[in-house]
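Here the structure comes first, spelled out in structure tokens, and everything after it is commentary.
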Amino acid sequence: MNQKSRDPIESLFSEERVFPPPDAFAQAAGLNEARYRELLAEAERDYEGFWAKRAREEIDWITPFARTLNASEAPHYRWFEDGTLNVSANCLDRHIAERGNKPAILFEGEPGDVRVLTYAELLAEVGRFANALRAQGIDKGDRVIIYMPMVPEAVIAMQACARIGAIHSVVFGGFSAESLKGRIEDAQAVAVITADGGHRGGRVIALKTVCDKVLADCPSVRSVIVLQRAGNPIAWQEGRDIWWHDAVAGRDSHCPPVAVDAEHPLYILYTSGSTGQPKGIQHAAAGYLLGTILTMRWVFDIRDDDVFWCTADVGWVTGHSYVAYGPLACGATMVMYEGAPTIPDAGRFWQLCERHRISVFYTAPTAIRALKKLGDEYPRRYRLDRLRLLGTVGEPINPEAWMWFHDVIGQGRCPIVDTWWQTETGVHMIAPIPGVTPLKPGSCTRPLPGIVADVVDGEGRSIDDPNTGGYLVIRRPWPSMLRTIWGDPERYRETYWARFENRFYVSGDGARRDADGYFWVMGRVDDVLKVSGHRLGTMEIESALVAHPLVAEAAVVGRPDEVTGEAICAFVVMRATRPRPEERPAVTETLRRWVADQIGPIAKPAEIRYTDNLPKTRSGKIMRRLLRAVASGQGITEDVSTLENPDIIRQIQDEGAA
Ligand code: WTA
């Protein structure tokens, strides 16, 4: 376990408050104590039978499956493989008879425009757009890049792909042209769906213009479908570009859902790992769908009269599972909001909660911390009495932020589900059952039924001593797990399974368990950072920095930050001599802007320190642990005499003080 993983959670060790579910909540909850125990016992007794039963109960199959789990090519597991289904039909068509006129999406744009789409309307829009995709020659198995603002059309595009069996890969709208290009190339995408622009933070984000920077170098892309959203001027390439409204004009709203195999890839989502190259996490249709439905019910206790709001962008996995698929598969009403939480002021989220009568609210700790800092007067201006359940995801939540969320937003009435999961796991893995599980601020509590999570030591032995840190692993395959890394099965094996000889899935997180068996996630044990809940690889940022002509070498580490969780700190060795103090602000600005162009603004280092060399072992390995200690202002306690260049430490420390 490295140093970094211990830092952010020091304060959690003393956390002893326990919050049992409020009686009223427990009594009304969809999953009560007795049923929960039954599910646990069932999964314990007959693991595969447990999952088969859930899959038969929750999914409308076109061809029912007979085989539950095929482990013959482990760790490439296959679930329900002889069944066929359509994910979009499971999200839309099956609700029409009972809920055709129920709102599926309540959309609010950043400028304040509101749009409501009922299930019937959404199905028609998805059908029309699916037919438009077909007309563009897009077929089952083709990859389609979606690079959109948070508007209903993003969900419509994803659902339309699912409807025809095309594989979508959503690229977060904050990623740069270079990142977009890398993903288009890796997926060999045939089409890009984008918008002229979207509204965010009071500005227009010109998405199509970003696409245009690289599309000429992406020969696989035959068509670009452009939604008119922000009205900003854009360039146009005849024959390749087509407006969304022209693409759907005159199309039939009926598009029969295509049957796909359970294992057919539903989507690829690129995420950061410990190399410079993002990896395409590939999810399978049936298992993934099942996971989203079960966790909507178990963890979000979703009910027909709920209004559900997950604030995540569809560019992240949270926006896939709990915006584009889970809520719809359960026939819920959900809110989508296009913009930033502070436009026009820090009350926007709470205003949305009041205006749309939101009852279940799911967001990231970084948003909670940022809004807490801006003051209680904002939430106090709005009626939040319809809220009944709150949730968090993306990073550990510190108890102070948890208490504020609980007392000020939830007014002491709402349980908080702290959900631990990853892009790779597809859906929640360790999370409270809100009507059952007593909560401890900062703990994601216990694994869900059917999920066999464990904390193991370096030899893969289960750690039974309470509060001893180890690797967080999952001992048995589960339906919503990733299937592979797109185009790179070897990297899949290497990254998630090789560490313990394919015996279990290795999450890359460190965790400990307390005496009650509650899990406390301590953060990443690999070179992945969580900045404002966004996942970034240190190697990606390093590769971007060294690609700049001024830079010879770079090392990137995270340091704790009060609001963003972690902040990016880069140590840079220039090709020429170190910039003089008066030159530094300009050089730093150049490099920050460069990183934003290479990856996206979210990857800009908060701090850049210049040094003549990086601390290395004699074998040439950069001592990141030391850099982390320096970045976070901690003293260096260990022996540095084994370093190739011990003197460099002093320079790096002085550099920080300068
Ligand atoms: C972290 C986001 C503590 C963790 C769904 C994980 C968390 C990474 C929690 C995955 C939580 C997510 N408590 N840490 N409740 N949820 N994490 O792929 O380090 O963007 O490995 O998926 O976020 O990030 P990803």
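Indexing begins at 1, ligand by ligand and atom by atom, following the structure's order.
For W316 and H534, the ring centers are positioned less than 6.0 Å apart.
Scanning for side chain to side chain contact (heavy atoms under 4.5 Å, CB included) contacts around R624 gives D527, T538, M539, E542, V557, I622, R628, with sequence neighbours left out.
Using a 4.5 Å heavy-atom threshold, the side chains of Y288 and Y267 count as touching.
When only modelled atom types and interatomic distance are considered, S176 and D597 share no side-chain donor-acceptor pair under 3.5 Å.
A salt bridge links R369 to E395: at least one charged side-chain nitrogen sits closer than 4.0 Å to a carboxylate oxygen. Contact check on K440 versus D514 returns a salt bridge, with a Lys/Arg side-chain nitrogen under 4.0 Å from an Asp/Glu carboxylate oxygen.
Around ligand 1 you find V317, T318, V393, G394, E395, P396, D418, T419, W420, W421, Q422, T423, D509, V521, R524, K530, R535, each with a heavy-atom distance below 4.0 Å.
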